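Below is one structure, written out as structure tokens, with a few remarks after it.
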Amino acid sequence: MIVAIANQKGGVGKTTTAVNLASALALRGKQTLLIDLDPQANSTLAYVGRESLERSLYDTMADESCALSQVICESTQKGLWVAPSRISLAKLEARLVGELDAHFRLKDRIDPVLERFSHVVIDCPPALGLLTVNALVAATHILIPIQSSYFALEGTDDLLETIERVRARANPSLQLLGVLVTMHDKRTSLARDIREQIADVFGAKVFNTVISKSVRLEESPAYRESIFSFAPNSTGAADYYSLCEEVMARV
Ligand code: ATP
Ligand code: MG
């Protein structure tokens, strides 16, 4: 399974989901690769110190002579590996102008490492540009996090249209794995309404697991840990463990 965590809306929980789903898969004994496609490098820094980064995805995506295996590094967790990002990734789009294979770079680089990893999780940037399209071309599945907030569904039409375009031109077998409601506050009636609205649009694709608002989830990246080592008994850990179970049941 290669799952892209995508939504062009900023701050909806993509990185938090990518980091903790990848960690949960590794805890379940899956050899897992977390690919950070966001120049903000938030998911990289959740596991790898800035000082230990020599190369990043930019190097392999811009230069054919650099294999993905040369940029992958160990995380702080057993069974979990990271393909790190750096701010330089923001230059990739300009670098690849006019290259015929610009949309296929990530897919081409991932193929040779698939014998090492049974599960690949890709954290996408908050945009529908070249980087996210590379993720959708390379992925077998897409997981869409949607923040439980008043404007939750704004922009999902554009995202679904992009998925359709990628399916039509480059990756017909791309499947919507599911839609995940994040930062949910079950005490409020607004949050309940929003969840119903999301269910009206996406039906059975909405995961039964809902990620509650949790301070622990917000804090864990600063300690360079997943929620499972930082606060194993928190609701955040229980929520992401439950998501992992559902994901594994769906693929
Ligand atoms: P971007 O679009 O900038 O990449 P994102 O979609 O990756 O953002 P995150 O970085 O995962 O979103 O989350 C945005 C902010 O919300 C972060 O500060 C994160 O710690 C916090 N956050 C994420 N999930 C939760 C949660 N369930 N409860 C509380 N805070 C959360
Ligand atoms: Mg992010």
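When a ligand or atom number is given, it counts from 1 through the structure's own listing order. All heavy atoms count here, side chains included; hydrogens, waters and symmetry mates do not. It should be emphasised that the depicted structure is a prediction, and the values quoted were computed from it without experimental measurement.
R105 and E99 are joined by a salt bridge, as a carboxylate oxygen and a charged side-chain nitrogen come within less than 4.0 angstrom of each other.
Protein neighbours of ligand 1 below 4.0 Å, counting non-hydrogen atoms: K9, G10, G11, V12, G13, K14, T15, T16, D38, Q40, P126, M183, I211, S212, K213, S214, L217, E218.
Taking a 6.0 Å sphere around CZ of R224, one finds it holds more than 12 heavy atoms contributed by other residues, nucleotides or ligands. Counting non-hydrogen atoms of neighbouring residues, nucleotides and ligands closer than 6.0 angstrom, the CZ atom of R116 exceeds 12 such neighbours.
A search for side-chain contact (heavy atoms from CB on, under 4.5 Å) contacts involving R55 returns D59, C66, Q70, V71, not counting sequence neighbours. Qualifying ring pair (Phe, Tyr, Trp, His ring centres under 6.0 Å) partners for Y223, counting only residues two or more places apart in sequence or in other chains: F230.
Under 2.8 Å from the Mg ion (ligand 2), one finds the following protein N/O/S atoms: T15 OG1.
Judged purely by distance below 3.5 Å, without hydrogens or angles, the side chains of S85 and Y58 never pair a donor atom with an acceptor atom. Checking N20 against S226 by side-chain atom types alone, no donor-acceptor pair falls below 3.5 Å. A side-chain N or O of Q77 and one of S23 form a donor-acceptor pair less than 3.5 Å apart.
L128 places a side-chain heavy atom less than 4.5 Å from the side chain of D158.
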